[in-house]
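Below, chains carry the letters A, B, ... as their sequence lines are ordered, and counting in each starts from 1.
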2 protein chains.
Amino acid sequence: MIKKMTLEEIGKLAGVSRSTVSRVVNRQPDVKAEVRERVMEVIRETGFVPNSAARSLATQRSGILGLVIPRSVATFFGDPYFARLTQGITQACNARGYMLSLFLFHSNNDEELLLPRLSQGSFLDGVIVQATRDDDPIIPQLMKAALPFLVVGRLNTMPEGVSFIDVDNVSGAYKAVEHLINLGHERIAHITGSLDNRASLDRLIGYKNALAAHNLPVDENLIVDGAFTEDGGYEATRDLLPHQPDAIFAASDIMAIGALRALKDAGLQVPNDVAVVGFDDLLSSYQTEFALTTIRQPILRFGVSAVEVISDIIENGNTPPRQKIYDTELIIRETCGARQ
Amino acid sequence: MIKKMTLEEIGKLAGVSRSTVSRVVNRQPDVKAEVRERVMEVIRETGFVPNSAARSLATQRSGILGLVIPRSVATFFGDPYFARLTQGITQACNARGYMLSLFLFHSNNDEELLLPRLSQGSFLDGVIVQATRDDDPIIPQLMKAALPFLVVGRLNTMPEGVSFIDVDNVSGAYKAVEHLINLGHERIAHITGSLDNRASLDRLIGYKNALAAHNLPVDENLIVDGAFTEDGGYEATRDLLPHQPDAIFAASDIMAIGALRALKDAGLQVPNDVAVVGFDDLLSSYQTEFALTTIRQPILRFGVSAVEVISDIIENGNTPPRQKIYDTELIIRETCGARQ
DNA sequence: CAAAGAATTGGGAGCGCTCCCAGTTTTCCC
DNA sequence: GGGAAAACTGGGAGCGCTCCCAATTCTTTG
């Protein structure tokens, strides 16, 4: 069991003052090399780590970032999206010396109780918030507090002056559909995610844009909601089959898997009878049964980038607001038929 | 934008001293009702929240718990197990007023750099650590630091005096297999998880115990490693089929899904030709294609309980070490055939 | 060799809170 | 109504650190 030391005590052991030890700990230049070495030695021997509360109090900085998952999306926390995002964020935090504090709101009550503590207690230097429903009070509340924050994803209508990072869902969907069109498909169906969600909406727009750009008609019978679940994708595909699509673009890989399964059960060949393209490319590690062509979102880099942006905001203020949109990448595997 | 206030300033506004405001904020009894009300009013108006660094410095308590995912298991972070566990933990943290700090170690370097800061900086009141490989240095390091901690899961050989909570994998597996035996099955196969893992090992023991208790032979051909993945379960099942099992107990639901798929592809009926039982019951929300009989682990409650135990240790010390083992529950659905 | 300048070091003050103790006010009871 | 006890309140000290400024030591240079 290691005794907790103070700067003062370390100083005594090394025969210098509190201030000098502080300089050594904080890597400030004005210390004679020989003295620095002596102090470092004592620090090494004692395993001294400065008290973070005292440091925060003195510097008005905590070195802690918050990751806030609002109530309205906390139920999706099991989604691999969050796992990856969190991995990216922690990776970047570790690299930059930030600690990460996780706020998963389960109830209204949680939000009401925690939000003020979180935004006012000067416990956090900045916050990364997952985008939520437009009418969620979190973002307005965060704006009122003088706390730097960054939204990951977007709302349908984004308040003025808010920093965010997001993926270009419109162009991602466009790429997927254009790829199918280039392969000669004409009756391209779309399985959407839940449409209360900006990402789903954007992917739908991209789908329609691509059809329009290639003079293909939009057939509403070929657009079905799959609710972002595998079963939803399965059911949607069953509904789609009577309308004879020759390709399906699913707004998520999970739904694409459901679609593939439905096609298999219906005795259809992929990609010969029906081609399939998904969206996300988050599943690769879990699911290799199908070699799914998909649109890759760089979620890991996304998390890393979130930390970079928020720390930029912390250092330099939120003007102008940072608004970054990441590109997606078409990953061609086998379900689209391009590899035959 | 709300100005950050101090106790002193709130006191001035309410016409009382710093100390009285402190008493009100901390719900101490010795304040006249009328004064208390006046102070509360000012706090409400100003949205005052006490500075947490100052409070931590004075009380030597941070109100923050750490959740540590060691490097050797961080790659599994996408597993729904962690999502659920984290949900349970955050839920309990929110309820008890703790903040949660997440440490996901990605590299050796992360561990070496962060562990001392984490255990010595008096930044955390206590730590919940996911169990890891036996030779991982985290637990020994945590023992050396004077920081309360609790292990979730178990190592193969658990150091003396360490507190942990775990699920009774042996009896869970026993229940699953006994259920199959009671249904009249005799050639019961077992798809194991990765065997470098205590949980897999324990489930294997439970499987063997149940066979032994009912005088059934252990046939090594009926025991195959499925590596905790769906594909692993699929492959394992293909390897199993030549040995004609009449039932399969998979050590995780994911592997059970793989098994079901393999059986389907082989043209076998479930449960008539082969019965299947899984383990976990964590997938229900994602996957409803098969009504899988399984052994439920109460992971959510597990997370909640972790917070309770660690805060008990924080308050009352780690003697005697807390060691709790949670029971599992057999969930009978359709793949076992009990419902026919 | 002295004076000026640069490099290094030490110590006071203060960050905002809690805790303790010494007042001060109120209440109670004979 | 007076004294003791109870209830309440205020202010000093201190938590361990950083930041600033003054003091000291070491270099340089004319």
Sequence-distant partners of B:Y98, ring-ring contact (aromatic ring centres under 6.0 Å, His included), two or more places apart: none

Any side-chain donor near an acceptor of the partner, A:R71 and A:N109, under 3.5 Å: no

Give a yes or no answer on whether the side chain of [X] reaches the backbone of [Y] with a donor-acceptor pair at less than 3.5 Å.
X: B:N51; Y: B:A53; result: yes
X: B:Q323; Y: B:V162; result: yes
X: A:S72; Y: A:T132; result: no

Residues within residues 20-45 of chain A bordering DNA chain D, heavy-atom distance below 4.0 Å: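 The stretch gives A:S22, A:R23, A:N26 as the residues lying under 4.0 Å from the strand, ordered by number.
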
DNA chain D contacts among residues 11-19 of chain B, heavy-atom distance under 4.0 Å: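 Those residues are B:V16, B:S17, B:R18, B:S19.
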
Sole residue of A:V39, A:V16, A:V42 in side-chain contact (heavy atoms from CB on, under 4.5 Å) with A:V24: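 So the option named by the test is A:V39.
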
Residue that, paired with B:V152, satisfies side-chain contact (heavy atoms from CB on, under 4.5 Å) out of B:V129, B:L85, B:L67: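 By the side-chain contact (heavy atoms from CB on, under 4.5 Å) criterion, B:V152 pairs with just one of B:V129, B:L85, B:L67: B:L85.
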
First-last contacting nucleotides on DNA chain D - partner chain A, under 4.0 angstrom, heavy atom: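 Footprint of chain A along DNA chain D, 5' to 3': D:dG16 to D:dC20.
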
Qualifying salt bridge (Lys or Arg N to Asp or Glu O under 4.0 Å) pairs, either residue in residues 44-53 of chain B, two or more places apart: B:E37-B:R44, B:E41-B:R44

Is the shortest heavy-atom distance from the side chain of [X] to the side chain of [Y] under 4.5 Å?
X: A:V127; Y: A:L150; answer: no
X: A:K324; Y: A:F164; answer: no
X: A:I310; Y: A:P148; answer: yes
X: A:L104; Y: B:Q87; answer: yes

Axial bend angle, the helix from C:dC1-D:dG30 to C:dC30-D:dG1: five-pair end segments, nearest 10°: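 It comes to 40° between the two terminal axes.
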
